[in-house]
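This report refers to the structure that appears directly beneath it.
If you're wondering where the values come from, they're calculated on a predicted model, not measured in any experiment. Naming convention: chains lettered A, B, ... in sequence-line order (proteins, then strands); numbering from 1 in each chain.
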Amino acid sequence: MSVENTASSGPAPSDFIRDIVAKDLADKRYQKIVTRFPPEPNGYLHLGHAKSICLNFGLARENQGQCNLRFDDTNPTKEEVEYVDAITADVDWLIAGWADHCLGLKPKGAVPRKQSQDGRDDYHLPAVPPGTADAEPFFASDNFEALYDFAVALIRKGKAYVCDLSPKETDEYRGAPDKPGRESPWRNRSVDENLDLFQQMRAGEFPDGARSLRARIDMASPNVWLRDPLLYRIRHTAHHHAGDKWCIYPLYDYAHCLSDYIEGITHSVCTLEFEVHRPLYDWILAALELPRPLPHQYEFAKLNLSYTIFSKRRLLQLVQEKLVDGWDDPRMPTLSGARRRGIPAAAIRRLAALVGVTKYDGVTDVALFEHAIREELNGLAQRRLAVLRPLKVVLTNLAPDEIIEVDATNDPQAEHPTTRRVPFTREVLIESDDFAEVPPPKYFRLKPGGEVRLKYACIIRCEEVVKDASGTVTELRCTADLSTRSGGPNSDRKVKGTIHWVSATRAIDAEVRLYDRLFTVAEPGATEDFKQFINPHSADVIRAKLEPSLGAATTEDRFQFERIGYFNLDPKDSSAGRPVFNRTISLKDTWAKGGKP
RNA sequence: UGCCCGAUGGUGUAAUGGUAGCACAAGCGACUCUGACUCGCUUUGUCUAGGUUCGAGUCCUAGUCGGGCAGCCA
């Protein structure tokens, strides 16, 4: 199966939502499709959000449409600008070079304009053309004035009322899923009284929780969301975007469908838990008798990944209790964590394409994500030599000051691979795993009296094993067969094993962080005490030896340390002369897994 | 004994009444100056019971199992 990548547009994915969109377009129900990605700025974006971003922006780019970024910021007590900025950056990163031309923004500071169509009042705020200067994301809070007006219209139609029940009473009156609710005693107030009270709510005449605005629907509905749901609550709290203008704030169900409508959204795609809200979404829009085409809501299953948690609450807990190094800790499933870890945005898009879109709420094996990362990095990463746990090897037939510059391939997957020079010297370091005094069966690497090829250099033979007083191997004394040098007369000579190495005298030092899965169990979120499953080896830090060219690495580079894994320069903790490399992901290792007895 | 949604190999999915296919994972093998990549092969599947039909994973009915919904959260 081929999958979309950054450069080409590959075969378009197919799923039930794309089918609906295709049909709507074929039926000329809409002339242009407009989707939206509506995060609440109360946490960082994670891989679960990425699935939604890929779906919504994918829909837009595949149909020459647009996808608006909108902050669903109707709850001032939970939201912060820090999150707005982080989310904006994460979205930009994820869609860069792929769907950024579909990103729907509005003019900075703009709010919906009141207009009249067919004699009916309307509010509309379409996105600006891509590339327009001074554009910013949409904010539900920019719609507050329009939303207030729509609420007044609802009251005038007798479809909303001010209710004086306390939160606790409201709860009791609502009933239970299997028991009908009771009507509020305030349900049949006159329009004028409702209008007056609602205006007073806005003016700040009442304390928090004293009154609310409710839709007048059906207290006996089997769907509890239709039992006169709240539209507005009183909250004497300043808002991170709207300032201190408001003390009443709309609730999700009311704000969302209308924000969709105001922006001209055609397909409002959300996750499964909102399925039972859809009748309310439709009710509000229908009740207002709006002049323009209405948006429709469709639901899909959110992403669940094994060995991963996505719960905002728990992620926040990890951050606050310093179990991880912030929201962008490379082990976090956040987009900022993934970015810092060196995972390309295209790998995340690849994952989204691989998991597909359905209404089945399953758990995707994190191995699929790891596969997507390796697939992407394999074509992207420059090959380099690095030794994580060094063992000294002295090539006794080389002069102490001899430096042989060997050619090493940078990009074996490229059509026309390039090379670089790597210094090869009398003393080299090899991976301690690559020597075994007592080799297990089928061991291809170096052993006493055995031969192995040092990649890009030549074949060496282990003549002598040097140990310290405790019996630990400290050094290998080997001879190099320079006639087998790459490009040399006997370069074709085959040995079973080829290992990586660096020059002991020319290598540079670096801190290397060996990241691994954050949790040791497949479903860490299954119990409340998920913290006991944190992998103690999820961030092992070592000092490693790298080939000299790595001293010039930049944070944009992606490397494969040959035979080890993919690495990037940590963008946060690296400094000139003090490089810190992150292991994005290891190479597949069938030897370590099962080949090894 | 409420309402809504879902169920295809270990996992994620395709098949839109007509040969159950793909990817990941797992296993075996080939290749290899990366035990990587690549390539080949293999194991494993339509929740159950009825019904409609020439023909059902697909449509219908009932059941089972799983998920969601009773925030002035989103």
When rounded to the nearest Å, what value does the distance between [atom1] atoms of [N] and [M] take?
N      : M      : atom1 : answer
G57(B) : U13(B) : C1'   : 13 Å
C3(B)  : A70(B) : C1'   : 11 Å
G27(B) : U43(B) : C1'   : 7 Å
U58(B) : A7(B)  : P     : 11 Å
G10(B) : U42(B) : C1'   : 16 Å
A14(B) : G50(B) : P     : 29 Å

Would you write out the dot-bracket form of RNA chain B, 5' to 3', with Watson-Crick and G-U pairs under 3.5 Å, [ ] for crossing pairs, | for pairs to other strands and . for unpaired bases?
.((((((..((((....[..)))).(((((.......)))))....(((((..]....))))))))))).....
Would you indicate which nucleotide in [options] comes nearest to any side-chain atom of [X]?
X         : options                : value
Lys593(A) : G6(B), A70(B), A26(B)  : A26(B)
Leu587(A) : A36(B), C3(B), C73(B)  : A36(B)
Asp361(A) : G67(B), A70(B), C37(B) : G67(B)
Arg445(A) : C24(B), G35(B), C69(B) : G35(B)
Gln413(A) : A23(B), A25(B), A36(B) : A36(B)
Val276(A) : C24(B), A74(B), G68(B) : G68(B)
Asn75(A)  : G35(B), C73(B), C72(B) : C73(B)

Do Tyr44(A) and Glu82(A) get their side chains close enough for a donor-acceptor pair, meaning under 3.5 Å?
yes
Asn143(A) versus Leu258(A): any side-chain heavy-atom pair under 4.5 Å?
no
Side-chain N or O of Thr358(A) closer than 4.0 Å to phosphate OP1/OP2 of U13(B)
yes
Looking at C33(B), I'd like to know if its phosphate oxygens (OP1 or OP2) sit under 4.0 Å from a side-chain N or O belonging to Lys494(A).
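Result: yes.
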Is a donor-acceptor pair below 3.5 Å formed from side chain His500(A) to base A36(B), judging by atom type as modelled?
no
State whether the distance check finds a donor on one side and an acceptor on the other, under 3.5 Å, for side chain Ser212(A) versus base C72(B).
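A donor-acceptor contact between them is absent.
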Using whole Å, report how far CD of Glu273(A) lies from P of C69(B).
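After rounding, the gap between these two atoms is 7 Å.
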Could you state the atom-to-atom distance from CG of Asn378(A) to C1' of U32(B) in whole Å?
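So the two atoms are 14 Å apart, to the nearest Å.
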Stacking here means centres under 5.5 Å and planes under 30°; does Tyr360(A) stack on A7(B)?
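The base of A7(B) is not stacked with Tyr360(A) (the test needs centres under 5.5 Å and planes under 30°).
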Residues in ring pair (Phe, Tyr, Trp, His ring centres under 6.0 Å) contact with Trp283(A), at least two apart in sequence or another chain:
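For Trp283(A) there are no ring pair (Phe, Tyr, Trp, His ring centres under 6.0 Å) partners, ignoring immediate neighbours.
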